[in-house]
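To start, the structure itself, in structure tokens.
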Amino acid sequence: YIYVTHTDIVNTYNVTIVSNNTTYGTVSAGSVNVPYGSAVQTNGNVITIGSETVTATANTGYHFSSWTAPNTITGATTITAVFAPDTDTAYTVRHYWQNIDDDGYTLHETENLTGATGAQVTPSVKTYTGFNSPSTQTVTIAANGSTVVEYRYTRQTYTVNLQAGTGVASVTGGGTYRYEKEITINAVLAEGYDWRN
């Protein structure tokens with residue numbers, strides 16, 4: 001009698017794990033070696049390949065979306081962790097009014113808005129009575145929510161013309177003033193006249 005024994009030889013394959021965009025997120029391992037036929041199981045941002053586990057971690061302003069992976073490993077394989085931009089990343093728009101008596105500006109209104117990380121947005125300007133609206137600005141929404149747009153509104157100017165009526169020697173207080181400026185006007189009567197209106 002001749003007795004023959006044998007051992008099954010199972011091939012081992014390299015599985016490469018990548019991020020679809022390293023700006024969006026990363027994976028805890030770039031590759032693993034697993035036997036032929038190893039099962040692939042996903043649980044949210046964690047993937048198990050045979051006995052190996054890899055985690056996908058999103059960067060600030062992004063989120064994990066899905067894995068692109070086969071059900072079993074039958075050869076050298078690349079598995080991709082898919083990340084996507086958040087759609088509710090914060091950004092701020094501030095509206096400043098020009099001061100009445102100097103060229104500085106004072107914050108009048110703040111808008112707290114959201115949009116997709118990395119998206120370009122053009123926030124609307126406001127229309128305020130007595131103010132000139134600035135041109136719009138286009139900005140890119142930063143992943144960390146730090147994007148701020150500042151709009152500065154200049155005050156409109158108005159001219160006050162004073163004319164000396166009958167019996168008025170002189171008038172003062174005329175000129176060009178910014179919207180909402182409080183002014184004082186004065187009339188000096190000519191001799192022999194009383195104030196009427």
Side-chain angles (χ1 to χ4, degrees), residues 19-27 44-45 55-66 81-197:
S19 165
N20 69 316
N21 189 322
T22 54
T23 298
Y24 294 1
T26 57
V27 292
N45 66 323
T55 302
T57 303
N59 294 331
T60 299
Y62 303 89
H63 62 274
F64 172 79
S65 178
S66 62
V82 179
F83 299 93
D86 289 345
T87 58
D88 58 352
T89 303
Y91 67 99
T92 303
V93 181
R94 296 175 182 156
H95 303 270
Y96 291 84
W97 282 6
Q98 185 183 34
N99 297 336
I100 295 174
D101 295 316
D102 59 56
D103 290 331
Y105 288 80
T106 300
L107 180 62
H108 174 71
E109 184 177 357
T110 299
E111 293 181 282
N112 296 311
L113 306 175
T114 59
T117 299
Q120 287 195 323
V121 292
T122 306
S124 299
V125 297
K126 300 281 188 175
T127 300
Y128 299 112
T129 300
F131 289 84
N132 301 306
S133 298
S135 299
T136 57
Q137 300 177 39
T138 299
V139 296
T140 301
I141 300 175
N144 62 2
S146 64
T147 300
V148 176
V149 177
E150 294 185 347
Y151 285 136
R152 301 183 185 278
Y153 299 76
T154 57
R155 289 180 184 268
Q156 295 174 1
T157 57
Y158 301 92
T159 300
V160 177
N161 293 308
L162 297 179
Q163 295 179 339
T166 302
V168 177
S170 64
V171 290
T172 57
T176 300
Y177 301 97
R178 290 177 181 168
Y179 175 70
E180 292 187 321
K181 172 67 176 177
E182 292 186 0
I183 64 171
T184 299
I185 60 176
N186 189 45
V188 177
L189 297 177
E191 187 175 353
Y193 287 85
D194 291 324
W195 179 256
R196 181 178 180 184
N197 55 40

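As the structure is a prediction and not an experimental result, all values here were calculated from the model. Quick note: numbers below take in every heavy atom, side chains included, and nothing from hydrogens, waters or symmetry partners.
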- Query: Closest approach of N59 and T23, non-hydrogen atoms and distance?
  - Reply: ND2-O, 2.9 Å
- Does the pair T122 and T138 meet the rule for a side chain to side chain donor-acceptor pair (under 3.5 Å), with working shown? CA-CA 4 Å; T122 306; T138 299; 2.7 Å; yes
- Item | Of T114, T117, T60, N144, the residue whose pairing with T89 passes side-chain contact (heavy atoms from CB on, under 4.5 Å) | T117
- Compute the ring centroids of Y62 and F83, then answer whether they are less than 6.0 Å apart. no
- Determine, using ring centers only, whether H108 and Y128 are less than 6.0 Å apart. yes
- Task: Report yes if the side chains of D101 and K181 come closer than 4.5 Å at any heavy-atom pair, otherwise no.
- Result: yes
- Message: Ignoring hydrogens, what is the shortest heavy-atom contact between D102 and G104? Give both atom names and the distance.
- Response: OD1-N, 2.7 Å
- Task: Check E109, R152, E111, E150 against H95 for a side-chain hydrogen bond (donor to acceptor under 3.5 Å, both in side chains) and give me the one that passes.
- Result: E111
- For residues I141 and A90, report the shortest heavy-atom separation together with the two atoms involved. CG2-O, 4.2 Å
- Would a distance-only check, ignoring hydrogens and angles, find a side-chain to backbone donor-acceptor pair under 3.5 Å from N45 to T55? no
- Query: For the atom pair OH (Y179) and OG1 (T157), what is the distance rounded to the nearest 0.5 Å?
  - Reply: 13.5 Å
- Salt-bridge contact D103-R178 (side-chain N to carboxylate O under 4.0 Å): yes
- Message: Using only atom types and a distance under 3.5 Å, with no angle test, would you say the side chain of D194 pairs donor to acceptor with the backbone of L189?
- Response: no
- Taking all non-hydrogen atoms of both residues into account, name the closest pair between H63 and A58 and its distance. CA-CB, 3.7 Å
- Message: Could you check whether any side-chain heavy atom of S19 comes within less than 4.5 Å of a side-chain heavy atom of T26, counting everything from C-beta outward?
- Response: no
- Could you tell me whether the side chain of L113 reaches within less than 4.5 Å of the side chain of Y91, counting heavy atoms only? yes
- Item | Side chains of Y151 and T136 in contact at under 4.5 Å (non-hydrogen atoms) | yes
- Which heavy-atom pair separates S133 from T127 by the least distance, and what is that distance? OG-CA, 4.0 Å
- Query: Can you name the closest pair of heavy atoms from V27 and A81 and give their distance?
  - Reply: CG1-CB, 3.7 Å
- Item | Contact check, side chains of R155 and I100, non-hydrogen atoms, under 4.5 Å | yes
- Message: Ignoring hydrogens and geometry beyond distance, is a side-chain donor-acceptor pair present between T176 and T159 at under 3.5 Å?
- Response: yes
- Query: Any sub-3.5 Å donor-acceptor pair from T147's side-chain atoms to T140's backbone N or O?
  - Reply: yes
- Item | Pairwise side-chain contact, Y158 with Y177, heavy-atom cut-off 4.5 Å (strictly under) | no
